[in-house]
Amino acid sequence: MAEVTYLEALRQGLREEMRRDERVFILGEDVGAYGGAFKVTEGFYEEFGEARVIDTPISEAAIVGAAAGAAHMGLRPVAEMQFIDFISCAYDMLTNYVATARYRAGLPTPIVVRGPCGGYVRGGPFHSQNPEAAFLHTPGLKIVCPATARDAKGLIKAAIRDDDPVLYFEHKFLYRRIKEALPEDGDLLTPIGKARIAREGRDLSIITYSAMVWKALEAAEILEREDGLAVEVLDLRTLVPMDDDAIVATVEKTNKVMIVHEDTRTGGVAGEIAARINERAFEWLDGPVLRVTAADVPLPYAPTLEDYVLPQTADVVAVARRLAAY
Amino acid sequence: MAEVTYLEALRQGLREEMRRDERVFILGEDVGAYGGAFKVTEGFYEEFGEARVIDTPISEAAIVGAAAGAAHMGLRPVAEMQFIDFISCAYDMLTNYVATARYRAGLPTPIVVRGPCGGYVRGGPFHSQNPEAAFLHTPGLKIVCPATARDAKGLIKAAIRDDDPVLYFEHKFLYRRIKEALPEDGDLLTPIGKARIAREGRDLSIITYSAMVWKALEAAEILEREDGLAVEVLDLRTLVPMDDDAIVATVEKTNKVMIVHEDTRTGGVAGEIAARINERAFEWLDGPVLRVTAADVPLPYAPTLEDYVLPQTADVVAVARRLAAY
Amino acid sequence: MPARSPALPRRAAPAIPAGLRREQLLELYHYVRLTRSLEERLANLYRQGKVIGGLFRSLGQEADSVGSAYALDRSAGDFLSPLIRNLGSMLVQGAEPLAILRQYMAKAASPSRGRELNIHFGDLEKGYIGQISHLGDMVPVMAGVTLSFKMRGERRVGLVYVGDGAMSTGTFHEGINFAAVQRLPLVVVAEQNGYAYSTPVRKQTAVERLVDKAAAYGVHGDSADGNDLLAVYAVTKRAVDRARAGEGVTLVELRTYRRKGHAEHDDQSYVPEEELAYWARNDPVDAYRRQLEESGWAGPEELLAAEARIDEELDRAVALAEAEPFPEPESALDGVCAGPPAAERPWYRGRGG
Amino acid sequence: MPARSPALPRRAAPAIPAGLRREQLLELYHYVRLTRSLEERLANLYRQGKVIGGLFRSLGQEADSVGSAYALDRSAGDFLSPLIRNLGSMLVQGAEPLAILRQYMAKAASPSRGRELNIHFGDLEKGYIGQISHLGDMVPVMAGVTLSFKMRGERRVGLVYVGDGAMSTGTFHEGINFAAVQRLPLVVVAEQNGYAYSTPVRKQTAVERLVDKAAAYGVHGDSADGNDLLAVYAVTKRAVDRARAGEGVTLVELRTYRRKGHAEHDDQSYVPEEELAYWARNDPVDAYRRQLEESGWAGPEELLAAEARIDEELDRAVALAEAEPFPEPESALDGVCAGPPAAERPWYRGRGG
Ligand SMILES: Cc1ncc(C[n+]2csc(CCOP(=O)(O)OP(=O)(O)O)c2C)c(N)n1
Ligand SMILES: Cc1ncc(C[n+]2csc(CCOP(=O)(O)OP(=O)(O)O)c2C)c(N)n1
Ligand SMILES: [Mg+2]
Ligand SMILES: [Mg+2]
């Protein structure tokens with residue numbers, strides 16, 4: 001059990017699956033000899049060869065479309081988007097072709113599309129995006145957003161073994177910033193569709209995912225220390241299918257809920273969660289479902305601007321205090 | 001004041017703006033001599049000539065991108081998507097280039113992208129879509145969804161005069177099914193960002209837009225007749241910017257709200273509305289914010305299936321009764 | 001004209017081209033005629049309001065679909081992906097007329113269980129993958145299908161159709177380029193049929209001939225008269241052979257003509273009458289039939305018998321399909337994912353609607 | 001080597017090619033040298049952690065950006081859209097080094113007010129439109145820009161850059177095709193610099209030469225050695241003249257080489273050393289300087305003076321930019337739309353953070 005970073009955990013998961021199952025292969029821009037822009041597939045080209053680690057032209061629609069075609073024929077492609085921002089170029093292919101293939105035509109399309117998402121890295125408007133809401137809306141696509149090294153590994157393995165298309169959004173801010181000791185025995189699987197209580201509490205709940213889990217935990221510490229509040233943090237891990245039972249359970253437990261996500265506010269995932277809570281647990285609410293999110297602007301580049309636009313721990317604390325006061 | 005259909009109203013609006021302002025031009029597939037797949041631009045080619053009614057190759061990204069470039073230079077392009085389903089092919093161009101141009105670079109990008117959306121026409125999964133949620137999420141794009149002939153005209157004219165990019169989603173089920181007497185004086189403008197009370201009521205509110213306005217009105221009739229309920233129907237007309245004041249006002253008035261949209265449930269616009277109501281008017285709620293939407297599947301083709309998946313008037317009635325009972 | 005007397009000595013039949021056997025010539029006739037007849041049945045059903053959505057004809061293009069698909073080797077597991085005007089290619093790959101009729105009429109027993117329209121369906125066993133409406137998208141998908149052939153060392157070939165209009169899409173470009181770089185065993189058949197909906201080819205592209213686009217991808221280009229069935233077969237067969245031999249992608253241009261509107265609702269007002277008249281004289285099914293007879297490769301009785309068999313099969317299939325029910329409403333919910341089995345039923349909705 | 005004695009009789013200078021005047025030759029030298037020097041300053045600032053994001057060098061490609069942009073007629077209102085390695089082209093169009101420095105350092109006074117990175121910015125007055133990261137997207141946008149020229153009957157020309165990698169995108173294809181069909185006054189400059197990030201050109205496309213792609217769009221193709229400044233100018237000038245004369249799109253391939261990694265963080269481990277060494281000997285700035293001197297078009301003093309002026313300007317600009325503040329936090333909210341003026345401030349967020 002060695003300590004590994006989030007990035008190394010992801011790499012381990014990918015490598016284990018490629019060793020386990022020869023149908024698994026990787027395609028994307030610069031994933032081969034270069035090992036990917038963030039080096040996620042470093043060493044893969046050497047170990048698995050050019051045929052299973054394919055450098056592609058700059059053609060996101062073709063990368064996803066080719067992955068789908070190969071998946072129909074029984075292979076298990078893992079497509080890398082160099083930055084997840086470029087998944088927008090495959091939006092048509094994903095939402096119209098991939099998402100509907102099983103429903104329309106019974107076509108199995110077990111592909112994984114993965115790539116680095118998220119901000120806090122001074123990446124500007126096109127290297128910082130959080131595209132989950134754009135795909136949440138399309139029936140047929142599963143979405144996972146690991147927050148920990150354990151889940152980075154467990155979810156990539158589960159995604160590869162899943163019989164449906166899975167979008168795997170890895171947060172580039174976490175790549176080398178968090179570490180965890182993980183077993184290397186190949187059996188670390190995080191079930192798709194199951195949330196995780198990252199911290200137990202009874203006074204209010206923060207529902208969140210991806211890098212924001214860490215901000216929520218930080219805020220929970222502060223709130224415990226300074227306000228004596230016991231804050232529960234629910235890490236969704238999977239956005240589609242969403243773990244409604246876990247959401248309802250935390251609402252029933254604390255009666256106060258806020259949702260934190262890094263994406264912009266309008267049309268973000270928080271809206272869907274708020275609606276589900278209304279429908280399934282309205283009677284349990286002692287206060288409104290509140291959101292902490294990025295402001296509704298493209299993510300700017302300058303540190304002062306980026307810090308202002310993205311959610312910060314202090315924002316989570318402020319909103320939690322207001323909610324606690326209900 | 002002649003009675004005109006929704007489609008004719010839209011055509012009038014377009015024609016009036018093209019006559020009024022020579023910077024306005026149209027581009028899209030088969031919009032020229034053929035007059036567009038639904039004949040929205042019928043007669044335009046003859047009146048305005050090939051230079052202002054441009055038949056393009058099948059290249060949605062280029063249509064939108066070229067519209068943006070021309071708009072930067074002071075023109076006022078109106079781009080037609082033959083079916084709105086194909087706007088997915090321009091998703092990258094719209095969300096990354098068009099939506100951000102002003103914020104990033106101060107570039108004016110006054111374009112309108114319009115096309116027929118919606119189901120109930122046996123169009124199957126690729127000729128029935130409601131793509132608003134996919135764009136709701138992107139700051140920088142305005143979205144309008146006319147439900148009436150008056151607004152079909154008033155909103156296309158307002159959209160063309162707007163200094164920002166506007167997505168205009170016209171509902172093809174309404175094209176020839178609704179009629180209204182409209183003034184032809186060129187001054188019919190529907191302000192972008194303002195909702196409309198389509199029916200007054202005090203017992204509960206249905207927030208909706210586009211073709212669902214008519215189902216909501218039908219349901220309201222039934223509920224009045226059979227249950228003695230006075231149902232308010234709020235037609236949002238514009239989704240971005242959303243008319244929060246109108247939403248809050250109806251919540252404060254009836255204390256019970258449901259949202260009806262034709263789009264699939266998960267990740268649809270209703271989530272955003274539910275979250276806003278939570279944040280702005282939670283104290284006024286006497287019951288949960290409930291949704292009536294399509295089921296979470298690609299829209300199937302067979303009449304039995306399409307009817308089952310899409311929201312029907314009876315669904316609106318059923319949910320309203322449950323809400324009224326709170 | 002007097003009927004040709006069987007008593008007169010027949011000239012020796014010319015050699016059959018392109019390595020085909022006589023039975024194959026008859027099989028080809030079966031497929032072009034079946035395509036034509038099946039579409040005529042569909043047109044009738046459409047006029048009776050029994051086809052739920054639009055009807056897309058391949059009138060005048062039957063030879064291009066049939067001849068090209070026939071160049072694949074079904075027993076080798078070759079694969080294709082058709083577009084709306086490639087009904088003929090699906091028939092060649094083994095699609096049943098009954099399936100087509102059910103699909104157009106949205107019946108429960110249709111291949112897509114009523115979910116998809118017209119000929120949007122596929123069959124992995126038989127070797128074809130159904131298109132989606134978004135033009136161009138099947139090119140990357142077929143690149144992926146043929147990538148799987150290459151990765152597994154299988155000597156299988158893929159074929160994907162693309163129209164003069166669809167070649168303007170970004171996905172066509174990305175897909176053929178990807179396949180070219182990977183030297184995949186893919187044949188891209190570009191159908192030049194004069195129009196994309198109402199748009200003439202010159203508004204779609206500035207090239208003279210669609211095959212000129214091969215140069216942009218470093219792939220082999222070839223072309224043929226799309227209304228000459230045997231020429232279509234021959235040119236596609238060369239491309240298939242190249243693909244199977246590991247020589248990569250070929251772009252094959254077939255020049256033909258769309259004699260009906262984009263779909264049945266379209267009256268083609270934008271088409272010059274002389275153009276239609278010219279192409280009506282150049283009917284590929286008639287031409288092939290004449291060729292068979294005149295070359296002595298088939299006798300009139302054989303051809304009439306083949307036509308009768310088709311009519312009979314279609315009579316039966318139409319009657320069967322017409323009588324069948326639509327799908328059960330609640331069946332709409334299953335199958336979005338491998339698991340869980342079904343999308344949630346709206347809580348306010350009773351079973352069955 | 002002994003310094004060349006000014007006392008010796010000079011050979012008559014050869015005629016200046018491509019219709020250029022001597023001042024223009026010096027101006028061209030100013031721009032290539034400025035590009036080189038400015039990037040060197042940026043590299044220093046990057047090492048000091050003062051450049052916030054990545055730094056993208058055009059080392060070895062300066063001639064291609066400068067020579068091509070110089071072929072446009074600024075006074076006629078010609079327009080271009082650069083990519084990350086086309087800093088030189090922006091300088092030619094009038095971008096100020098100070099603006100570039102501010103932008104890389106995310107300063108409040110930067111052209112994008114700190115919102116965008118590196119050279120992602122434009123200036124409608126000066127005639128360039130800033131790129132976004134998504135490769136290929138600027139091709140349709142410049143098609144639209146030049147469409148406006150055509151619609152208004154203006155004799156203006158547009159130029160858009162595209163890399164060997166970016167040509168694989170669907171938007172490149174859709175954009176150039178649209179422009180070709182419309183015969184727009186657009187020059188598409190394809191920069192063959194050997195790599196797209198780590199990917200060599202042969203994994204990007206199966207064509208021998210990028211200019212082969214012109215055939216697929218029915219446009220004129222031309223090419224030049226991208227490291228020969230005057231050849232670049234000449235080939236682009238021909239394309240610009242064609243565009244202005246209404247002869248439509250030209251695809252111009254410039255063959256050059258990216259001598260640094262994709263960005264400063266990239267150590268180019270995937271590049272053979274000989275290759276780098278070969279191209280280091282083929283430096284376009286040095287070559288042009290030598291050409292100016294050897295042809296007698298410029299004397300050493302002039303060139304040294306030009307270089308000194310550049311250094312001075314850059315000293316000043318760097319000092320100024322470094323001292324400037326970052327943008328005010330809350331300024332992040334304004335300008336998404338023409339109106340209302342600003343995005344909503346999160347209710348839980350105090351002013352300024
Ligand atoms: C991306 C996309 N845009 C628009 C359409 C609408 N559309 C359907 S068929 C068609 C014309 C196709 O022309 P072509 O590719 O030449 O095929 P043909 O109909 O001639 O066989 C159009 C524009 C579409 N299906 N997909
Ligand atoms: C659509 C898209 N996919 C991926 C990227 C990531 N990316 C940025 S630059 C680059 C390589 C570009 O290569 P090329 O076009 O040859 O330009 P060069 O860097 O050589 O000047 C890549 C893959 C991107 N910017 N856009
Ligand atoms: Mg066509
Ligand atoms: Mg390059």
Side-chain angles (χ1 to χ4, degrees), chain C residues 134-141 143 147 162-184 186 188 190 192 196 199-221 242-243 246-251 253, chain D residues 134-141 143 147 162-184 186 188 190 192 196 199-221 242-243 246-251 253:
Chain C
H134 292 68
L135 292 167
D137 284 13
M138 298 315 294
V139 184
V141 172
L147 178 65
V162 64
D164 44 277
M167 292 176 96
S168 302
T169 62
T171 43
F172 159 75
H173 173 74
E174 293 197 1
I176 189 173
N177 184 56
F178 181 99
V181 172
Q182 288 285 329
R183 282 182 83 80
L184 300 178
L186 182 65
V188 180
Q192 210 299 28
T199 305
V201 177
R202 81 190 137 72
K203 288 193 172 184
Q204 202 70 240
T205 171
V207 298
E208 287 289 313
R209 309 173 319 149
L210 300 182
V211 69
D212 293 346
K213 302 197 182 207
Y217 305 103
V219 303
H220 188 67
R242 289 186 75 251
E247 292 166 43
V249 178
T250 305
L251 179 69
E253 175 181 3
Chain D
H134 292 69
L135 292 167
D137 284 13
M138 300 314 294
V139 184
V141 172
L147 177 65
V162 63
D164 44 276
M167 292 176 97
S168 303
T169 62
T171 43
F172 158 75
H173 173 73
E174 293 196 1
I176 189 173
N177 184 57
F178 181 99
V181 172
Q182 288 285 329
R183 281 183 83 83
L184 300 178
L186 181 64
V188 180
Q192 210 297 31
T199 305
V201 177
R202 81 189 138 73
K203 288 191 172 187
Q204 204 69 242
T205 171
V207 298
E208 286 289 314
R209 311 173 318 149
L210 299 181
V211 70
D212 293 345
K213 301 194 183 211
Y217 305 103
V219 303
H220 188 67
R242 290 187 75 251
E247 293 167 42
V249 177
T250 305
L251 178 69
E253 176 181 2

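This one's a predicted model, so the numbers in the text were calculated from it and none came from an experiment. We name chains A, B, ... by the order of the sequence lines, and we start the count at 1 in each one.
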Checklist line | Partner residues of E208(D) under the side chain to side chain contact (heavy atoms under 4.5 Å, CB included) criterion, sequence neighbours left out | finding: D212(D)
Next item on the list: Nearest 0.5 Å please: distance from the NZ atom of K213(D) over to the NZ atom of K213(C).
Entry: 13.0 Å
Note to self: Distance check, rounded to the nearest 0.5 Å: H173(C) atom NE2 versus I176(D) atom CD1?
What the structure shows: 9.5 Å
Note to self: Between F172(D) and chain C, with a heavy-atom cut-off of 4.5 Å, which part of the residue counts as in contact: side chain, backbone, both or neither?
What the structure shows: side chain
Margin query: Please give me the minimum heavy-atom distance between T205(C) and N177(D), naming the atom from each residue.
Written below: CA-OD1, 3.9 Å
Checklist line | Most chain D-contacting option - heavy-atom pairs closer than 4.5 Å, from E174(C), R202(C), M167(C) | finding: E174(C)
Check: Is chain D contacted by the side chain of Q204(C), its backbone, both, or neither, given a heavy-atom distance below 4.5 Å?
Finding: backbone
Item checked: Leading residue by heavy atom contact count with chain C [cutoff under 4.5 Å; candidates A180(D), A214(D), A215(D)] -> A215(D)
Item checked: Interchain contact, R183(D) with chain C, by part (heavy-atom threshold 4.5 Å) -> neither
Notebook entry, point to check: What residue in G175(D), A216(D), G218(D), G136(D) has the most heavy-atom pairs under 4.5 Å with chain C?
Noted result: A216(D)
Next item on the list: Would you please name every residue forming a side chain to side chain contact (heavy atoms under 4.5 Å, CB included) with A179(D), sequence neighbours left out?
Entry: A143(D), L184(D), L186(D), V249(D)
Checklist line | Residue, of L210(C), V219(C), V211(C), T169(C), that accumulates the most heavy atom pairs under 4.5 Å with chain D | finding: T169(C)
